[in-house]
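Excluded from the calculations below are hydrogen atoms, water molecules and symmetry mates; all remaining heavy atoms, backbone and side chain alike, are included. We number each residue from 1, following the sequence as shown.
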Amino acid sequence: MQTLNSVFEVKGISKIYDSTQALSCIDLSVPSEQTTVVIGPSGCGKSTLLRLMIGLARPDTGKVYFEGTEITPMNALLLRRRMGYVTQTGGLFPHLTARKNVILMANYLGWEKTLIEKHLLALAELTQFPKDGLQRFPAQLSGGQQQRVALMRALMLNPNVLLLDEPLGALDPITRYDLQNDLKEIFHKLRKSVVLVTHNIEEAKFFGNQMVLMQAGRIIQQGTIHEFIEAPADPFVTRFIKTHRSPLEIQKGGDV
Ligand code: ADP
């Protein structure tokens, strides 16, 4: 069972792809109404962990509980309606306009047209997406706008949690900076439980109080950046932080 104030409980999950051990014995508790950032080098298993949490893949061993219910192949689709998911490239349907991408599931579930319209306009406002862009197809939108549409789509059914897999990874630095700030404000306004994957420690520090550092399919340490610096659980923690120093810090000769 899960503890009261956690939204996900991950218990002893492992996942092997062919000969790759993508995840080994992962235990993780994700607190409600906070942003938890999963961080680690490329290939360490971050996306696989997220996909298991959202029920898009099955663990070989172990269990994932979402709000107290174990995710199984039988209930994954239903549970997923209470989770919003955004990937690095947004995953929008290219043949549907922004509007249709966002309202797809609400339409499918038979929501009333006026309610759909109300939600859509509120989301466009929240994500600062221009209303005249709603009639455009994804290819007619900038990368940042596409991610705003992907976020609107993820929020349309008013999910309890948002899972974002490198949502800003494909954007240029300026767009990334703008969207980082907007996203943080949105998370704060909505008070949702958020799990965000990134390989960028600056981004992790910006978004999350709680960080989960992974390496080679394992969680090496969970805590705040200060705990990582003051009490590293493994030499890898210090190495990971040091290799992510900004050029300015390196120039100044700063330690971390
Ligand atoms: P990250 O998100 O940290 O970059 P991933 O979770 O995508 O890492 O991948 C972890 C490991 O599992 C990698 O070695 C990757 O190649 C492998 N992997 C992930 N998905 C698959 C898949 N569908 N088939 C085979 N190998 C996979």
Side-chain angles (χ1 to χ4, degrees), residues 5-8 10 26 28-50 53 84-88 127-128 143-144 147-148 150-151 154 161-256:
N5 59 353
S6 68
V7 65
F8 282 103
V10 173
I26 298 274
L28 178 65
S29 181
V30 175
S32 299
E33 294 184 22
Q34 287 187 33
T35 299
T36 300
V37 181
V38 180
I39 183 163
S42 187
C44 71
K46 305 181 295 297
S47 298
T48 304
L49 176 60
L50 220 63
M53 285 166 69
Y85 181 49
V86 178
T87 61
Q88 182 169 2
T127 59
Q128 298 191 39
Q147 287 308 72
R148 287 176 201 269
L151 184 65
V161 300
L162 265 181
L163 298 104
L164 304 112
D165 190 351
E166 300 260 11
L168 310 172
L171 304 176
D172 65 82
I174 291 180
T175 309
R176 188 178 183 128
Y177 176 83
D178 287 346
L179 205 49
Q180 265 174 353
N181 285 298
D182 291 352
L183 271 181
K184 193 168 176 179
E185 205 179 309
I186 290 168
F187 298 163
H188 182 72
K189 263 190 206 155
L190 298 178
R191 296 177 60 90
K192 298 227 180 267
S193 313
V194 176
V195 184
L196 185 136
V197 163
T198 179
H199 62 267
N200 182 320
I201 201 150
E202 290 306 321
E203 193 160 279
K205 279 188 333 203
F206 179 77
F207 276 115
N209 196 15
Q210 274 303 309
M211 295 192 200
V212 177
L213 177 61
M214 294 183 66
Q215 182 202 22
R218 294 181 185 277
I219 293 178
I220 304 296
Q221 187 161 1
Q222 186 171 1
T224 63
I225 185 71
H226 298 290
E227 285 163 348
F228 286 8
I229 294 169
E230 301 298 331
D234 185 280
F236 170 76
V237 180
T238 309
R239 201 148 43 89
F240 184 80
I241 294 172
K242 280 191 172 171
T243 53
H244 284 75
R245 280 181 307 170
S246 70
L248 205 63
E249 282 168 318
I250 292 169
Q251 229 175 32
K252 282 193 297 194
D255 220 15
V256 187

Which atom pair, heavy atoms only, marks the closest approach of [X] to [Y]?
X: Q221; Y: F228; answer: CG-CE1, 3.5 Å
X: D165; Y: S47; answer: OD2-OG, 2.8 Å
X: L162; Y: A154; answer: CD2-CB, 3.8 Å
X: L179; Y: L171; answer: CD2-CD1, 3.6 Å
X: P167; Y: V86; answer: CB-CG1, 4.3 Å
X: P232; Y: V237; answer: CB-CB, 3.9 Å

* Could you walk me through whether K205 and M211 pass the side-chain contact (heavy atoms from CB on, under 4.5 Å) check? -> CA-CA 8 Å; K205 279 188 333 203; M211 295 192 200; 3.5 Å; yes
For the [atom1] atom of [X] and the [atom2] atom of [Y], what is their distance to the nearest 0.5 Å?
X: I229; Y: K242; atom1: CD1; atom2: NZ; result: 11.0 Å
X: L168; Y: L183; atom1: CG; atom2: CG; result: 5.5 Å
X: T243; Y: I201; atom1: OG1; atom2: CD1; result: 8.0 Å
X: N5; Y: E33; atom1: CG; atom2: CD; result: 10.0 Å
X: D234; Y: F240; atom1: CG; atom2: CZ; result: 13.0 Å
X: D182; Y: Q147; atom1: CG; atom2: CD; result: 13.0 Å

* Are side-chain N/O atoms of Q180 and E203 paired as donor and acceptor at under 3.5 Å? ->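 Yes.
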* **Chi angles and distances behind the side-chain contact (heavy atoms from CB on, under 4.5 Å) call for T198, F206** => CA-CA 11 Å; T198 179; F206 179 77; over 6 Å; no
* Asked: In this structure, which one of V30, L163, V194 forms a side-chain contact (heavy atoms from CB on, under 4.5 Å) with T36?
  ->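 Of V30, L163, V194, side-chain contact (heavy atoms from CB on, under 4.5 Å) with T36 is met by V30 alone.
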* Among V38, I39, I220, V197, which one satisfies side-chain contact (heavy atoms from CB on, under 4.5 Å) with M214? ->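 Only one of V38, I39, I220, V197 forms a side-chain contact (heavy atoms from CB on, under 4.5 Å) with M214, namely V38.
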* Asked: Any side-chain heavy atom of R176 within less than 4.5 Å of one from N200?
  ->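 Yes, close enough: below the 4.5 Å cut-off.
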* Worked verdict on V161 versus M53 for side-chain contact (heavy atoms from CB on, under 4.5 Å) -> CA-CA 11 Å; V161 300; M53 285 166 69; over 6 Å; no
* Taking the six-membered ring for Trp, are F207 and F187 ring centroids under 6.0 Å apart? ->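 Yes - the distance between ring centres of F207 and F187 falls below the 6.0 Å cut-off.
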* **Working for side-chain contact (heavy atoms from CB on, under 4.5 Å), residues L151 and L164** => CA-CA 9 Å; L151 184 65; L164 304 112; 4.2 Å; yes
